[in-house]
Number of protein chains: 2
Amino acid sequence: MTNQYYLDTSKFLVAADCIIFGFRDKELHILLTRRPVEPEAGEWSLMGGFVSENESLEDAAKKVLFDYTQQRGIYMEQVNAYGEIDRDSGGRVISVAFYALVRLEEFDTTLAQKFDARWTNIKELPQLVFDHNKMVHDALTLLRFKVSMQPIIFKFFDEKFTLPALQDLYEAIYQHPIDKRNFRKKLASMNILDKLDEKETVSSKRGAFYYTFSEEKYMEYLASGKYFSL
Amino acid sequence: MTNQYYLDTSKFLVAADCIIFGFRDKELHILLTRRPVEPEAGEWSLMGGFVSENESLEDAAKKVLFDYTQQRGIYMEQVNAYGEIDRDSGGRVISVAFYALVRLEEFDTTLAQKFDARWTNIKELPQLVFDHNKMVHDALTLLRFKVSMQPIIFKFFDEKFTLPALQDLYEAIYQHPIDKRNFRKKLASMNILDKLDEKETVSSKRGAFYYTFSEEKYMEYLASGKYFSL
DNA sequence: ACAAAAGTGTTCACACTACACCCATGG
DNA sequence: CCATGGGTGTAGTGTGAACACTTTTGT
């Protein structure tokens, strides 16, 4: 099967590292763990794993995500491949980073303890092993771009959400405040949300209406020739 | 040196494939070659090579670029890693794609013959081996985005260029016509170009003034708080 | 003189920004 | 009744889009 031409060349360990984003306490967080093996055992690290023979890069990343979150169907996107010779002090490893957006409402906190993992506010990011800080930085840059171009922000929520929460998330991602009226005006003009009768009454006395993202309305929006832009 | 933990895992061939963009005849072109080895020998392919033990991914891509163009300091950027199990019918290969922008004025055409390479209009792209068509598609998407956000379009030119040529290039990248006056107005408002006294008189009788991109003016532009956007 | 490409301003529509007050409710 | 967060409209400014004619020069 494998061609002769392919045999005389170096082979490499390949890892998939995941920047797992979640939204909590009006701030964007990422899931970090204490690295379980040498070198740099015990230091903060992204979730990762080696790619094995019978899986694609995406499969490997999905496996990592499932192991640490027990969620399936997580939104995931490749960030970049990292291939400096000495990026991993334990040996030559080429790593492909993926970012993922998880619904924190569904997150099983017992998992966190099992893996010595912690949700960390992106504003208080510690020093991470190897080039993981760079990976997070690149992932954030990509996330900011993607959020502005595609309706992926809704993947942070478990189905329904309130407009104040959506705005808080948006502000957490971009790290700057935006005007409430302008934000809502823009969303209204897109007409891609369904307003529910239900209210969320935990974070305020008056309560904020829940909304859901409507795939159908979004399709109509696209069909009308417009492009999503937030 | 290499830790025990790293030893029990699969290793992979890793390739660097380059989408080399150039501008000619008012159209965007990419450099393709006839694949020299089985499988799919003789079919159209991107330029690529395997990564070796003592080089980073970027180094491998730079080597490929130098081999095929003899130019140094080519602008290059990573597109994505491709890791489907059966993407290469010759064996399991993980490939990292890079796009590059070359100055066609400096291109040595004898090289093309040596490698059985050809500049191909992106509008007439043939079927390529493996997933190379997808790589080109992804590279084009990224190029379009980057061109709109950073002044990399000037890397297509050897120092000086005319405004009509710049506009032609811009239209070739985005595949749609733009208004001449609006285009020039926008460039003028940015004030990042230096007008030369010299004219280019090959493509018109009247002649078009040459311009150069001014790094200093660009720095001032950024310092004024504005962001490049074309 | 004419063909072929270079160069140049104005108007209009729309989108983005800034901005302040009333509402509903629980304690 | 008051503190807390939810919800709403308007006016001004700036940016992008549409649009046509004059200039230069080689043949």
Side-chain angles (χ1 to χ4, degrees), chain A residues 23-27 144 147-149 157 160-172 174 176-212 221 224-230, chain B residues 23 25-27 144-145 147-149 157 160-212 221 224-230:
Chain A
F23 178 56
R24 195 178 68 180
D25 303 334
K26 307 197 171 192
E27 293 286 351
R144 287 181 175 131
V147 160
S148 77
M149 303 289 285
F157 296 104
K160 64 192 180 183
F161 49 86
T162 66
L163 296 187
L166 189 64
Q167 182 174 347
D168 287 339
L169 172 52
Y170 194 83
E171 290 175 340
Y174 286 100
H176 65 72
I178 51 180
D179 184 86
K180 192 172 29 164
R181 284 169 289 191
N182 292 339
F183 182 72
R184 295 163 96 105
K185 204 190 322 165
K186 198 163 185 180
L187 280 170
S189 78
M190 285 193 253
N191 187 32
I192 54 174
L193 300 182
D194 285 324
K195 185 176 185 175
L196 306 185
D197 287 334
E198 205 182 345
K199 276 187 170 184
E200 189 268 349
T201 50
V202 177
S203 51
S204 81
K205 294 158 186 170
R206 177 174 176 176
F209 281 106
Y210 278 117
Y211 289 76
T212 54
Y221 179 76
S224 78
K226 308 214 168 215
Y227 282 98
F228 184 92
S229 157
L230 246 185
Chain B
F23 178 55
D25 304 333
K26 306 196 173 195
E27 294 285 351
R144 287 181 176 132
F145 169 61
V147 161
S148 77
M149 302 289 286
F157 295 105
K160 65 191 179 184
F161 50 86
T162 65
L163 295 188
L166 190 63
Q167 182 174 346
D168 287 339
L169 172 53
Y170 195 82
E171 290 175 339
I173 290 174
Y174 286 99
Q175 294 287 305
H176 64 73
I178 49 181
D179 183 87
K180 190 171 33 163
R181 282 170 288 190
N182 292 338
F183 182 73
R184 295 163 97 107
K185 206 188 320 163
K186 198 163 187 179
L187 280 170
S189 78
M190 285 193 255
N191 187 34
I192 54 172
L193 301 182
D194 285 323
K195 186 177 184 174
L196 306 184
D197 287 333
E198 207 181 344
K199 276 187 172 185
E200 188 269 349
T201 50
V202 177
S203 50
S204 82
K205 293 156 185 169
R206 177 173 177 177
F209 281 105
Y210 279 117
Y211 289 77
T212 55
Y221 179 76
S224 78
K226 309 215 170 216
Y227 282 98
F228 184 92
S229 158
L230 245 184

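Numbered from 1 within each chain, the chains take letters A, B, ... in sequence-line order.
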Quick one: B:Tyr210 OH to C:dA6 C1', roughly how many Å, whole number?
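Rounding to the nearest Å, OH of B:Tyr210 and C1' of C:dA6 are 14 Å apart.
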
What distance do [X] atom [atom1] and [Y] atom [atom2] have between them, rounded to the nearest 0.5 Å?
{"X": "A:Tyr210", "Y": "A:Asp197", "atom1": "OH", "atom2": "CG", "answer": "13.5 Å"}
{"X": "B:Phe157", "Y": "B:Thr212", "atom1": "CZ", "atom2": "OG1", "answer": "12.5 Å"}
{"X": "B:Leu166", "Y": "B:Glu171", "atom1": "CG", "atom2": "CD", "answer": "10.5 Å"}
{"X": "B:Ile173", "Y": "B:Asp168", "atom1": "CD1", "atom2": "CG", "answer": "11.5 Å"}
{"X": "B:Leu163", "Y": "B:Phe183", "atom1": "CG", "atom2": "CZ", "answer": "7.0 Å"}
{"X": "A:Phe161", "Y": "A:Leu169", "atom1": "CZ", "atom2": "CG", "answer": "10.0 Å"}

How would nucleotides 13-22 of chain C be written as a contact map, 5' to 3', with B for base contact, S for sugar-phosphate-only contact and - for no contact, using protein heavy atoms under 4.0 Å?
--SSBBBB--

For DNA chain D, note the earliest and the latest nucleotide, 5' to 3', having some atom under 4.0 Å of a heavy atom belonging to chain B.
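First-to-last contact on DNA chain D, by the 4.0 Å heavy-atom rule, is D:dG16 to D:dG26.
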
Looking at residues 190-205 of chain B, who's got a heavy atom less than 4.0 Å off DNA chain C?
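Close to the strand are B:Ser203, B:Ser204, B:Lys205.
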
Between [X] (side chain) and [Y] (backbone), is there a donor-acceptor pair under 3.5 Å?
{"X": "B:Asp25", "Y": "B:Glu27", "result": "no"}
{"X": "A:Tyr170", "Y": "A:Leu230", "result": "yes"}
{"X": "A:Tyr227", "Y": "A:Met149", "result": "no"}

Can you pull out every salt bridge (charged side-chain N to carboxylate O under 4.0 Å, His left out) where at least one residue sits in residues 198-208 of chain B? Sequence neighbours excluded, please.
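Sorted result for residues 198-208 of chain B: B:Lys160-B:Glu198.
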
Residue pair A:Phe23 / A:Ala172: nearest heavy atoms and the distance that separates them:
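Scanning both residues completely, I find the closest heavy atoms to be CE1-CB, 4.3 Å.
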
Distance-only criterion, 3.5 Å: show the donor-acceptor pairs between side-chain atoms of residues 184-194 of chain B and protein atoms not counting sequence neighbours.
{"from": "B:Lys185", "atom 1": "NZ", "to": "B:Asn182", "atom 2": "OD1", "distance (Å)": "3.2"}
{"from": "B:Ser189", "atom 1": "OG", "to": "B:Lys186", "atom 2": "O", "distance (Å)": "2.7"}
{"from": "B:Asp194", "atom 1": "OD1", "to": "B:Lys217", "atom 2": "NZ", "distance (Å)": "2.9"}

Give, ordered by number, those residues of residues 165-174 of chain B having at least one heavy-atom distance below 4.0 Å to an atom of DNA chain D; if nothing qualifies, reply none.
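Contacting residues: none.
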
